[in-house]
Amino acid sequence: MMNFKCIRCGACCCWPGDVRLKDDEIDRIAAWMGMDAGAFLEEYTRLTYDRSGLSLRDQEDGSCVFFRDGDPPSCFIQEVKPEQCQGFPLQWAHEGWEDDCGAAIEARNSKE
């Protein structure tokens, strides 16, 4: 995993779950978007499933509110994305992530 190179396929942006936000991330993202923190919180966040913090909202299909499907897929807030997003998969990963992540699949296929 140390050689992991993200290909920005967007798969990790479409997995269910929380994208937990830290206070400084809320302020940084809101400022980058030209919004005050209160408006950002109202429009783009929700309570985490365990009710212990805030998460980015999901789109109707379950993907992150800032995920833009396309060719290539993209993150609207790439420049200021949360630490949780930046840390995948070297700082955290869920079981079975290698079967969904485009970079992991590409690396596996190149070895075969």
If you measure from [atom1] on [X] to [atom2] on [Y], what distance do you get to the nearest 0.5 Å?
{"X": "F40", "Y": "I26", "atom1": "CZ", "atom2": "CD1", "value": "6.5 Å"}
{"X": "K22", "Y": "D27", "atom1": "NZ", "atom2": "CG", "value": "13.5 Å"}
{"X": "I29", "Y": "D24", "atom1": "CD1", "atom2": "CG", "value": "9.5 Å"}
{"X": "R57", "Y": "S63", "atom1": "CZ", "atom2": "OG", "value": "14.0 Å"}
{"X": "T48", "Y": "L56", "atom1": "OG1", "atom2": "CG", "value": "12.0 Å"}
{"X": "C13", "Y": "F88", "atom1": "SG", "atom2": "CZ", "value": "10.0 Å"}

Can you give me the closest heavy-atom contact between [X] and [Y], atom names plus distance?
{"X": "F4", "Y": "A104", "answer": "CE1-N, 4.5 Å"}
{"X": "G53", "Y": "L47", "answer": "O-CD1, 3.4 Å"}
{"X": "R108", "Y": "E98", "answer": "NH1-O, 3.4 Å"}
{"X": "R28", "Y": "V80", "answer": "NH2-O, 3.4 Å"}
{"X": "A30", "Y": "A37", "answer": "CB-CA, 3.9 Å"}

Pair W97, W92 - check side-chain contact (heavy atoms from CB on, under 4.5 Å), show working.
CA-CA 10 Å; W97 70 273; W92 73 273; over 6 Å; no
Determine whether R46 and D58 satisfy the following criterion, side-chain contact (heavy atoms from CB on, under 4.5 Å), listing intermediate values before the conclusion. CA-CA 9 Å; R46 62 171 172 76; D58 303 320; 3.7 Å; yes
Are any of the side-chain heavy atoms of [X] and [Y] separated by less than 4.5 Å?
{"X": "I77", "Y": "M33", "value": "yes"}
{"X": "R20", "Y": "S52", "value": "yes"}
{"X": "D69", "Y": "C14", "value": "no"}
{"X": "L54", "Y": "E25", "value": "no"}

Within 6.0 angstrom of [X] [atom1], more than 12 heavy atoms from elsewhere:
{"X": "D50", "atom1": "CG", "answer": "yes"}
{"X": "E42", "atom1": "CD", "answer": "no"}
{"X": "E83", "atom1": "CD", "answer": "no"}

Under 3.5 Å, side chain of [X] to main-chain N/O of [Y], donor-acceptor pair present?
{"X": "R8", "Y": "S74", "value": "no"}
{"X": "Q84", "Y": "L21", "value": "no"}
{"X": "Q59", "Y": "F67", "value": "yes"}

Determine whether the aromatic ring centres of W32 and F76 lie less than 6.0 Å apart.
-> yes
**Message:** Taking the ring of F66 and the ring of Y44, is the distance between their centroids below 6.0 Å?
**Reply:**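 Ring centroids of Y44 and F66 are less than 6.0 Å from each other.
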| message | Quick one, C101 with E106, criterion side-chain contact (heavy atoms from CB on, under 4.5 Å). Give me CA distance, side-chain angles, the key distance, then yes/no. | response | CA-CA 9 Å; C101 171; E106 194 173 272; over 6 Å; no
